[in-house]
Amino acid sequence: MEPVHAEFLPDASLSREEIESLQREIADNAVFEDRFAFDPAAVQISSEPSQQQLTTAASDPNSDAAADAPLVAGVDQAFLDDRAISAVVVLQVGEVVERTHAVRELSIPYIPGLLAFREGGPIAAALATLDCEPDLLCFDGSGRIHYRQAGLATHLGVVFDTPSIGIAKNLLCGTPRESVDGRPAGWRTPIEAADAVDCADGTVIGHAYQSRQYESSNRHINPLYISPGHRVAAETTVDLVAALCDGYKLPEPTRLADSYADEIKAELS
DNA sequence: GCGACAG
DNA sequence: ATCTTGTCGC
């Protein structure tokens with residue numbers, strides 16, 4: 001796939017002020033509402049026919065639900081010395097249909113709020129080598145849950161003008177409406193903008209989502225922090241991640257991209 | 001000035 | 001993110 005807005009590609013040589021200015025421009029161009037062509041109910045991991053698919057098959061004997069199902073890409077990185085290994089795994093109904101990766105020199109260190117300017121280049125390079133056109137991109141990191149509402153997932157979603165979701169293991173900013181401690185699997189609560197975020201206080205910029213939890217024990221699993229990247233509404237974002245989870249804390253696209261990146265890293269070591 | 005801060 | 005063995009509890 002190719003960038004639709006290459007002028008928005010993260011350029012790490014920009015000044016801090018220019019970076020923040022570009023992020024505000026990215027946020028202005030981002031759409032935090034559902035604006036995608038695929039059927040969200042067709043995004044799933046199991047190949048078991050859903051009620052919807054059975055209905056579709058009954059009304060159209062020639063349709064092939066699996067062949068028409070949305071392509072969901074997971075993107076994640078591993079690091080080796082001063083290089084980033086960006087890996088992409090594309091799934092269709094839980095089946096891997098394409099994998100690709102890119103290795104690039106890192107230009108700047110990790111700075112909270114500027115992650116896209118450290119990892120965006122390597123990620124864009126990897127996505128550019130992809131033969132297929134994903135319907136949805138899943139990133140490790142935040143989307144709208146960001147000081148200027150332009151986290152990694154939002155930035156790359158806008159650059160490629162493709163629906164995207166941010167999946168983080170830790171909260172960058174914003175405030176959970178309720179305490180997130182020890183919640184059962186399936187539980188979710190909104191993350192609201194607070195003073196540090198560039199929008200009205202109380203605006204729902206994402207959700208904490210408990211993708212997995214131990215039945216009964218002393219220890220507990222922390223929730224994921226999910227936010228819209230581009231062209232997906234906050235609530236939908238959680239529904240999609242829930243549909244992409246398969247017994248692990250992380251949804252399959254991101255989980256498989258994570259292990260694929262480690263695989264490439266091991267080969268380079 | 002101090003604390004908080006995705007990966 | 002990364003350096004890393006065993007270990008506690010599902």
Side-chain angles (χ1 to χ4, degrees), chain A residues 10 12 16 19-20 23 26-27 30 74-88 101 103-124 126 137-157 164-176 180 182 184-185 191 193-198 205-230 237 241 247-251 254-255 257-266 268-269:
Chain A
R16 177 71 184 237
I19 283 179
E20 296 188 357
Q23 290 184 324
I26 290 290
V75 184
D76 193 22
Q77 287 70 238
F79 300 87
L80 182 57
D81 299 323
D82 208 30
R83 291 172 294 173
I85 298 145
S86 187
V88 182
H101 69 91
V103 180
R104 290 289 185 282
E105 293 285 329
L106 289 163
S107 43
I108 62 171
Y110 165 70
I111 299 169
L114 309 189
L115 186 63
F117 289 77
R118 171 178 167 81
E119 305 184 354
I123 291 173
L137 301 174
C138 299
F139 295 98
D140 61 312
S142 290
R144 194 182 186 184
I145 295 180
H146 180 275
Y147 307 116
R148 290 163 293 282
Q149 303 185 82
L152 179 71
T154 299
H155 200 132
L156 290 161
S164 64
I165 294 178
I167 301 155
K169 300 177 210 65
N170 292 286
L171 190 58
L172 173 62
C173 58
T175 311
V180 304
I191 299 299
D195 31 79
V197 183
D198 211 351
I205 54 178
H207 290 81
Y209 172 64
Q210 197 73 48
S211 57
R212 184 188 173 185
Q213 190 52 281
Y214 294 137
E215 289 294 341
S216 59
S217 75
N218 312 308
R219 296 170 33 181
H220 60 76
I221 297 172
N222 294 136
L224 291 174
Y225 293 93
I226 302 167
S227 57
H230 181 44
T237 262
V241 170
Y248 296 88
K249 173 172 177 173
L250 293 178
T254 297
R255 192 177 73 82
D258 179 86
S259 60
Y260 181 44
D262 284 342
E263 219 176 280
I264 302 302
K265 173 176 174 173
L268 295 176
S269 299

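Labels below follow one simple rule: chain letters A, B, ... track the order of the sequence lines, proteins then strands, and each chain is numbered from 1.
Within 4.0 Å (heavy atoms only), A/F79 reaches sugar-phosphate atoms of the nucleic acid but no base atom. Residue A/G166 is out of contact with every strand shown, counting any heavy-atom pair closer than 4.0 Å. Looking at heavy-atom distances under 4.0 Å, A/L114 makes contact with a base.
At C/dA1, none of the side-chain N or O atoms of A/K265 fall inside 4.0 Å of OP1 or OP2 (strictly under the cut-off). Put simply, A/Y214 has no side-chain N or O that comes within less than 4.0 Å of OP1 or OP2 on C/dG9. Proximity of A/N170 to the phosphate of B/dC5: no side-chain N or O atom is located under 4.0 Å from OP1 or OP2.
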Parsed dot-bracket for DNA chain C after applying the Watson-Crick and G-U rules with both distances under 3.5 Å and | for other-strand partners is ..........
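A straight line from CG of A/D262 to C1' of C/dA1 spans 11 Å, rounded to a whole angstrom. The distance between atom NZ of A/K249 and atom P of C/dC10, rounded to the nearest whole Å, is 18 Å. Taking atom OH of A/Y225 as the reference point, atom P of B/dC5 lies 10 Å away to the nearest angstrom. The CD1-P distance, from A/I108 to C/dA1, rounds to 18 Å in whole Å. As rounded to whole Å, 10 Å separates atom P of B/dC5 from atom OH of A/Y110. Rounded to a whole Å, the CG atom of A/L171 is 10 Å from the C1' atom of B/dC5. What separates CD1 of A/I123 from P of B/dA6 is a distance of 16 Å, to the nearest Å. One can place CD1 of A/I226 at 17 Å from P of B/dA6, the figure rounded to the nearest angstrom.
The A/Y147 side chain lies nearest to B/dC5 when the options are B/dA6, B/dC5, C/dT2. Nearest to the side-chain atoms of A/A78 among the listed nucleotides B/dC5, B/dG7, C/dT2 stands C/dT2.
Proximity of a side-chain donor or acceptor of A/K169 to a complementary backbone N or O of A/N222 within less than 3.5 Å is not detected. In this structure, A/R144 contributes its side chain and A/Q149 its backbone to no donor-acceptor pair below 3.5 Å.
Between the OH atom in A/Y209 and the CD1 atom in A/I191 there is a gap of 14.5 Å [rounded to 0.5 Å].
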- Can A/H155 and A/H146 be said to form a side chain to side chain contact (heavy atoms under 4.5 Å, CB included), step by step? CA-CA 11 Å; A/H155 200 132; A/H146 180 275; over 6 Å; no
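In this structure, A/L137 and A/L156 have side chains that are not in contact, with every pair of non-hydrogen atoms separated by 4.5 Å or more. At least one side-chain heavy atom of A/S164 sits under 4.5 Å from a side-chain heavy atom of A/H230.
When every heavy atom of A/A257 is checked against every heavy atom of A/G74, the shortest pair comes out as CB-O, 3.5 Å.
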